[in-house]
Amino acid sequence: MSMAVVGMVAGMALAFAGYFGGFGAFLLVAALGAIGFVAGRFLEGDLELGDFFRSRERGDRRR
């Protein structure tokens with residue numbers, strides 16, 4: 001399945017949630033979709049847990 005089709009299906013799910021459930025349902029579906037995306041990437045091995053907790057490797061400082 002191409003990424004365009006996956007994006008279309010995700011957009012349709014968000015549209016249905018927003019239309020039938022209101023803005024709160026839209027946000028809930030979007031948040032759960034993001035969590036599912038991260039979990040899927042982690043299970044596939046494309047993402048490591050340490051990627052979220054590492055500091056910057058460059059010497060950049062926040063100003």
Side-chain angles (χ1 to χ4, degrees):
M1 189 179 314
S2 72
M3 292 304 290
V5 173
V6 172
M8 181 185 68
V9 170
M12 290 173 60
L14 289 172
F16 279 116
Y19 183 76
F20 292 111
F23 188 68
F26 172 82
L27 291 178
L28 179 65
V29 170
L32 292 176
I35 291 169
F37 174 76
V38 171
R41 295 290 301 256
F42 178 73
L43 292 174
E44 286 180 352
D46 294 337
L47 189 65
E48 294 181 13
L49 192 57
D51 291 343
F52 292 108
F53 301 110
R54 287 189 197 128
S55 63
R56 297 183 197 180
E57 293 181 11
R58 290 186 246 146
D60 297 340
R61 294 184 193 164
R62 287 189 179 180
R63 295 180 183 189

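Predicted model, so just to flag it, every value in this text is computed and none were measured.
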Set of side-chain contact (heavy atoms from CB on, under 4.5 Å) partners for L27, sequence neighbours left out: F23
If every non-hydrogen atom of A25 is compared with every non-hydrogen atom of A17, which pair is closest and at what distance? CB-O, 3.6 Å
Should V38 and I35 be regarded as members of a common hydrophobic cluster, given that ILVMFWY residues are connected when their side-chain heavy atoms come within less than 4.5 Å of each other, either directly or indirectly? no
